[in-house]
Amino acid sequence: MFKKVLIANRGEIAVRVIRACKELGIKTVAVFSEADEHSLYRNIADECYPIGEPPASKSYLNMERILKVAEKAGVDAVHPGYGFLSENVKFADECHKRGIDFIGPPTNAMDVMGRKINAKKAMKTAGVPVLPGREEAIESEEEAIEVADEIGYPVIIKASAGGGGIGMNVVYNKEELVDTIQSTKSIAQSAFGDSTVFIEKYLEKPRHIEIQVVADKFGNVIHLGDRECSIQRRHQKLIEESPSPIMTEELRERMGNAAVKAAKAINYHSVGTVEFLYSKGEFYFLEMNTRVQVEHPITEVVTGVDIVKEQIKIAAGKKLSYKQDEITFRGHAIECRVNAEDAINDFVPAPGKIKYYRSPGGPGVRLDSGVFGGAEIPPYYDSMVAKIITYGLTREEAIERMKRALSEYMVLGIITNIPFHRAVIEEDNFLKGNLSTHYVEDNLCSFRKAMVNYALEAKDREKIFSEKVFHGNKKVIAIAGGLNAYITSLSNKNKDKYDKN
Ligand code: MV4
């Protein structure tokens with residue numbers, strides 16, 4: 001087993017990986033940017049090193065700085081977390097070159113999945129269902145017109161190097177097709193330095209359902225069931241649950257087998273996620289994420305498997321701890337991503353300092369977070385504050401517990417999207433499990449009022465809190481009184497000065 005691991009990440013996922021390392025008896029090395037000097041994960045790591053200025057390009061994406069620390073600290077392996085360098089082939093290669101293990105899949109698997117055309121081609125060859133279209137780059141407009149006529153409109157033009165929704169455009173008729181190919185190519189060129197695009201059938205309002213896979217270096221591959229991730233906005237997932245409300249044993253078996261087949265086809269090892277689009281009883285391969293995902297805890301909660309520990313053990317050359325028939329699914333889990341953002345004002349980021357903090361607890365509640373009272377949410381990175389994960393024997397129980405956890409959770413001093421979550425969790429289509437990737441935009445109007453009321457309640461709490469703390473503390477009043485007098489005298493002095501001039 002590894003003796004020492006560097007975590008090339010920050011925030012809650014750094015905390016999550018450090019926790020796994022502690023349970024495995026591995027020493028941990030944290031790296032931090034100037035914006036994270038007071039972060040929680042720094043304090044729970046055994047060692048920590050600065051890696052640069054706040055912008056990610058100067059710190060968490062700075063391969064040389066991170067690798068230098070890795071060598072200096074003498075680590076056996078690097079855990080990349082999610083985002084940042086987690087799916088960067090060059091970084092994984094550079095780790096290996098220095099004799100350091102990259103806690104992730106083989107680089108050729110990362111490479112295949114990083115290019116959407118290659119990924120789709122490999123999946124089609126392996127017999128995993130893919131969307132109708134061509135697994136080749138669009139070479140000529142005539143050919144694209146032919147393909148579109150064959151599969152029928154609407155079609156979608158996607159950048160092969162794309163991701164996160166950038167570089168994809170829907171085409172509803174022949175007249176728009178040529179222009180859209182041109183514009184998608186030019187966006188792909190400027191965003192990814194690669195203008196390769198392909199064409200496939202566009203699904204109007206699919207569900208996004210994914211399968212967690214776990215594979216060791218001996219060819220053993222299992223899946224840990226599904227996650228429904230349809231509740232998202234601009235490709236940012238907001239609420240995930242496991243199992244999907246539409247899941248049946250039969251569908252999970254089919255999707256699970258397809259995901260295992262996908263992983264085997266590319267000689268995958270480590271943990272990973274195979275994403276599918278689901279529509280009208282059919283599912284299609286979308287992409288594969290070759291990293292641990294934000295939403296992995298809901299799978300941990302319903303299967304009892306510690307995914308991050310398993311990932312580290314696999315990288316260290318251990319065999320899978322479980323066979324497929326030892327994996328059982330119990331109950332239902334939901335995750336709400338609590339972000340520092342103003343859902344009422346178009347979800348704008350709202351970074352700042354947390355003045356008062358009280359976390360939820362009790363039966364069936366797990367909180368994965370990297371913050372505390374007094375912590376700062378820096379403006380440079382994504383605005384996630386915490387993930388609330390609730391569990392219940394039924395979906396209804398998981399929902400009731402989420403309702404309670406959201407009402408207990410106090411993050412005062414910053415605006416969070418807790419009002420959004422409180423509104424969704426009691427919304428009719430959500431309760432019915434009536435979801436699609438368009439859920440948020442289709443339902444925002446109907447739960448807006450509830451969201452505004454919860455936001456007003458949060459404001460009230462903040463007011464009550466500051467009054468209580470301020471007026472309930474004689475020492476604070478005394479100090480504040482003294483300060484007030486001092487400030488008044490200062491400003492009076494200045495006033496005299498200005499009056500004279
Ligand atoms: C699609 C699609 C419908 N039809 N492809 C969005 C992110 C990118 N990785 C793939 N995406 C989509 N591809 C076809 N042929 C709809 C989406 C999509 C989506 C997918 C998953 C989760 C959220 C989404 C939100 C909007 C669109």
Side-chain angles (χ1 to χ4, degrees), residues 82-83 86-87 110 112-121 123-124 128-138 144 147-148 150-172 176-177 180-181 184 187-188 191-192 194 196-212 226-242 244 246 255 259 262 272-291 293-295 335 337 347 424 435-444:
Y82 50 67
S86 61
E87 291 177 291
M110 290 166 75
V112 170
M113 288 307 179
R115 288 183 260 186
K116 306 282 169 288
I117 293 180
N118 298 20
K120 207 178 159 186
K121 204 185 283 175
M123 292 306 108
K124 191 168 183 181
V128 176
V130 297
L131 282 152
R134 286 281 186 284
E135 295 70 49
E136 302 291 340
I138 297 177
V147 176
E150 186 187 311
I151 61 179
Y153 290 88
V155 298
I156 187 167
I157 310 297
K158 289 182 175 177
S160 185
I166 301 167
M168 46 177 250
N169 290 294
V170 183
V171 183
Y172 290 92
E176 298 164 3
L177 185 60
T180 307
I181 292 169
T184 310
I187 288 167
F192 315 110
D194 175 359
T196 311
V197 297
F198 65 104
I199 183 170
E200 67 185 18
K201 179 78 188 164
Y202 177 68
L203 297 181
E204 298 270 10
K205 287 188 182 184
R207 284 172 179 259
H208 175 187
I209 303 177
E210 59 189 29
I211 299 282
Q212 175 74 54
D226 65 288
R227 296 187 285 257
E228 162 98 48
C229 304
S230 296
I231 303 185
Q232 56 86 40
R233 198 184 157 274
R234 299 198 183 148
H235 307 287
Q236 276 291 109
K237 293 170 187 164
L238 290 163
I239 301 175
E240 304 96 345
E241 59 183 297
S242 183
S244 163
I246 57 139
M255 274 185 132
T273 301
V274 183
E275 296 186 346
F276 295 101
L277 288 182
Y278 173 95
S279 180
K280 298 174 185 148
E282 299 295 326
F283 61 86
Y284 311 89
F285 172 84
L286 187 60
E287 43 194 80
M288 181 171 186
N289 299 312
T290 58
R291 58 167 193 277
Q293 284 190 282
V294 177
E295 61 272 27
E335 171 179 277
R337 297 190 190 185
F347 295 80
V424 170
L435 309 174
S436 84
T437 52
H438 287 61
Y439 172 84
V440 177
E441 61 179 280
D442 286 354
N443 294 279
L444 196 56

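Quantities reported herein were computed from a predicted structural model and do not represent experimental measurements. For ligands, and for the atoms within them, numbers begin at 1 and follow the listed sequence.
With rounding to the nearest 0.5 Å, the separation of CD1 in Ile246 from OG in Ser230 is 8.5 Å. For the atom pair Asn169 CG and Leu177 CG, the distance stands at 11.5 Å (nearest 0.5 Å).
Arg227 and Gln293 are linked by a side-chain donor-acceptor pair at a separation below 3.5 angstrom, with hydrogens and angles left out of the test.
Residues with a heavy atom under 4.0 Å from ligand 1: Leu131, Ile156, Lys158, Gly165, Met168, Glu200, Lys201, Tyr202, Leu203, His208, Gln232, His235, Leu277, Leu286, Glu287, Thr437.
In this structure, Arg115 does not pair ionically with Asp194, as no charged nitrogen and carboxylate oxygen lie closer than 4.0 Å.
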I'd like a table of donor-acceptor pairs (distance under 3.5 Å, sequence neighbours excluded) in which one partner is a side-chain atom from residues 278-289, with atom names and distances.
unit_1: Tyr278; atom_1: OH; unit_2: Gly281; atom_2: N; d: 3.3
unit_1: Asn289; atom_1: ND2; unit_2: Glu275; atom_2: OE2; d: 2.7

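Other residues, nucleotides and ligands contribute only 12 or fewer heavy atoms inside 6.0 Å of the NZ atom of Lys124.
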